[in-house]
Amino acid sequence: MPKLTVDGVEVEVEAGATVLQACEAAGAEIPRFCYHERLAIAGNCRMCLVEMEKAPKPIASCAMPAGDGMVIHTNTPTVKKAREGVLEFLLINHPLDCPICDQGGECDLQDQAMAFGPLHSRYHEPKRAVPDKYMGPLIGTVMTRCIHCTRCIRFSEEIAGVSVIGAINRGEHMEITTLGQAITSELSGNVIDLCPVGALTSKPYQFTARPWELRKTESIDAMDAVGSNIRIDARGNEVMRILPRLNEDVNEEWISDKTRFVYDGLKRQRLDRPYLRKDGKLTAVSWDEALEAVAAKLKALKGEEIAAIAGDLSAVEDLVALKDLVTELGSANLDCRQDGAAIDPSCRAGYLFNTTIAGIEDADALLIVGSNPRIEAPIINARIRKTWLRGDLKIGLVGAAADLTYAYDHLGEGGDVLQAVIDGSHEFATVLKNAENPMIIVGTGALTRPDGAAVLAGLRKLAGDCGAVRDGWNGFNLLHLAASRVGALDIGFVPGEGGRDLAGIMAGAAAGEIKAVFLAGADEIDMQGLGDAFVIYTGSHGDAGAHRADAILPGAAYTEKDATWVNTEGRVQQGFRAVFPPGDAREDWAIYRALSGHLGKPLPYNSLEELRARMVEAVPHLGATDTVTPAEWGDFGQAGAIDAAVLRTPVEDFYLSNAIARASATMARCSAELLDAITGATGTDG
Amino acid sequence: MSADKQESFSFSPENLEKAKAIIAKYPQGRQRSAVMPLLDLAQRQNGNWLSEAAMHYVAEMLDLPYIRVYEVASFYTMYNLKPVGKYHLQLCRTTPCWLRGAGDLRQVIKDKLGISHGETTEDGLFTMTEVECLGACCNAPMVQINDDYYEDLDADIMAGLLDKLASGEVPPAGSQKGRRGSEPFGERTTLLEKGDS
Ligand code: SF4
Ligand code: FES
Ligand code: FES
């Protein structure tokens, strides 16, 4: 490990580290534009120049490997002059339109020009202007501002795995472009954060706010089961934008385009008042009237005539309250698997992404079953690609082929191939067996089939056979789609003793045996199948569930409540309220609490704190925020025959996969313009 | 050729063989490095310019994203992204040539052909591009015509060259004043033995 001296401070850095990293380790701040920890080194902006003893001229610290015995200076007159020179050159062709630039106030060029620049200009000649480029519905461009750092190119090539951005021409005529095409990536929005200037900006956010007006709330995303760490920027009671927050274990510093751009959906189609169906028509009513009517309806029913189905966007607290309420009413008819997946709630390891997201990087063989991680969990897909790029991850896919941004062995589409892998007759079984850290990812699409339980049991057996489960490594992974699912399974939002599961509830409703059904934001079930049951919908958006409802109790969206989320890894995370729910809408748990009062069976908690105390008492690991409590390996699934039918992802439209997204105009545009390119089956079989 | 659109492109059988030989020169897994010679080959087959179709064809052949090929093709000035005339006159305008009369050459071309920088004659015979130093300063001024250098020019010689080219004759390349390489005119004047002068 090389030892160097930076400004008189001795530091020792990892072999392979750069001088820039060594400077940081020594506490010296190095300005930069093109360098980025997660991208390949380009060394083209020259902002990171430092002085190295015995070198004839300043060196680009980001591109210089740290060597033993180097003596570096970062605060000499030469370095100061070099930085001033670089900035002066960069600003020659920069429009200096900060007052009308969305990046103003959070711009690397602005900040560094203030901190290191010459503070005046000697340039009086005309500046060059560059025509703006079309990059799709999400990325706005003002290309005259571009300083050619090439971060956007490197991101799309390396992280996103789509080669659409490039630098054409040269020298003074160099331009960044996609040649008129949209950036066909589900991660494209990240280039906005990476662009050190205001060349690439968010189209939906364009000219709507200045960064210093925004109230920043650190929270958790609910668009998929990854639980990406986000920052919600709000002004007044309006979410203005959503940005990623660094979490090395989860999303590093990326978020998917759905996570970033769905926020306009929070303002449309909102349920902001309670409604009751009167004479077949939904009519706005007061909370009292709504709760009274629902209570009256429920009081007249027997426990077993009541059921509850949880949707994809409910927080753990909401479901704890609903479960308590329904249990109090004497019903065990609960299910959180609104897609009907044959998930076995009895063994936690059977429904978690046990390897963890960061753990993917340790894997050397991966079998993907019935999943398209690129659209089911873009952030997890990016981690797989990152590991694959390193070169030693062998990937096999059983299921419909798709472009996943990395090469994989397409073993086959159907259950018969899966069966062959499971019983060891397929050669990929050997690949898994010979791997040090084999991994299996099964998508929920493989479990919603009639033979779902058999698929699950088969993969459990495979995991055991190939040595994927041992001390310190669990290679069995269920990739969930819904932010609410693992939390719901953890608190046992599944049929209790003698209770009905989803299919049972639907059958019961159709047969008139189930007379009232709670839908906690459940919009993806077959509403026709609910027959004549009295449907009580709690949720934030007027989607399928609300249309079918007899009573609508308006709830809070994920940005509007303090809430606990458990991601697909089983990681417990806390989200925080950025804005208040609109109109009369309230936090869902509080609705159930209020209803319990009207029923004369008040739930034993009056505040979120009390509710959380009860929740943690029942399920202790829910108190361990920001950690993954490893789950005990056990038995799950149900051995049986696996059908030869094609395994495929259940996600039809990445951009419109939940009620909030379906209300978003931005997501609708993306769906129309980008979906085909992202889900096209032009896979790189290899 | 006036339209800068071309419907499709593919290598002729001979060029396909050449392309394969070029690709084979690169080590396994590095075939994409063949992009520059293949673009050159395509340009030669395609009347000295690269159409979008030709670049797509090369991209596909090397399994490269189109943008990566376009980056290369737009970076190097020796690739023409628009159609050029049968004779592509590249007139050097950098200081040595300029001092030695590049301006006169430009004028002759303008007068005789009616084209200046970036333009092509209507008959599609000539395109003129002004370029920076081509490294033949000793024999300034000079013009590159397609692959060959024509050196030691003046207005009259240039006019003569253009006439010959127009009549279909390709004059011999090199110095137009008869010197060999960049040897001095007449007697040797430098590097003399002691007592030579
Ligand atoms: S657009 Fe932004 S990220 Fe891309 S090269 Fe220009 S300055 Fe860098
Ligand atoms: S940061 Fe080192 S050259 Fe750009
Ligand atoms: S200046 Fe014309 S060839 Fe060098």
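Throughout, a chain's letter reflects where its sequence line sits, starting with A, and its residues are numbered from 1.
In this structure, B/Glu71 contributes its side chain and A/Ile168 its backbone to no donor-acceptor pair below 3.5 Å.
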>> For A/Leu179 and B/Tyr70: C-alpha separation, side-chain torsions, deciding distance, then whether side-chain contact (heavy atoms from CB on, under 4.5 Å) applies.
In response: CA-CA 9 Å; A/Leu179 299 176; B/Tyr70 190 80; 3.8 Å; yes

Contacts table for residues 16-30 of chain B: side-chain donor-acceptor under 3.5 angstrom, sequence neighbours left out:
none

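Within the structure, side chain to side chain donor-acceptor pair (under 3.5 Å) contacts touching residues 174-185 of chain A (residues at least two apart or in different chains) are A/Lys133-A/Glu175. Screening residues 132-183 of chain B for ring pair (Phe, Tyr, Trp, His ring centres under 6.0 Å), with sequence neighbours left out, gives no hits.
Within 6.0 Å of atom CZ in A/Arg390, more than 12 heavy atoms from other residues, nucleotides or ligands are found, so the atom counts as buried in its surroundings. The neighbour count for A/Glu436 CD, taken as heavy atoms of other residues, nucleotides or ligands under 6.0 Å away, does not exceed 12. Summarising the local packing, CZ of A/Arg154 is surrounded by more than 12 heavy atoms from other residues, nucleotides or ligands at distances under 6.0 Å. Enclosure of atom CZ in A/Phe89 is not indicated, since only 12 or fewer non-hydrogen atoms of other residues, nucleotides or ligands lie within 6.0 angstrom.
Interatomic distance, B/Ser74 OG to A/Arg170 CZ, rounded to the nearest 0.5 Å: 9.5 Å.
Identified by a heavy-atom distance below 4.5 Å to chain B, the contributing residues of residues 158-165 of chain A are A/Ser163, A/Val164, A/Ile165, in residue-number order.
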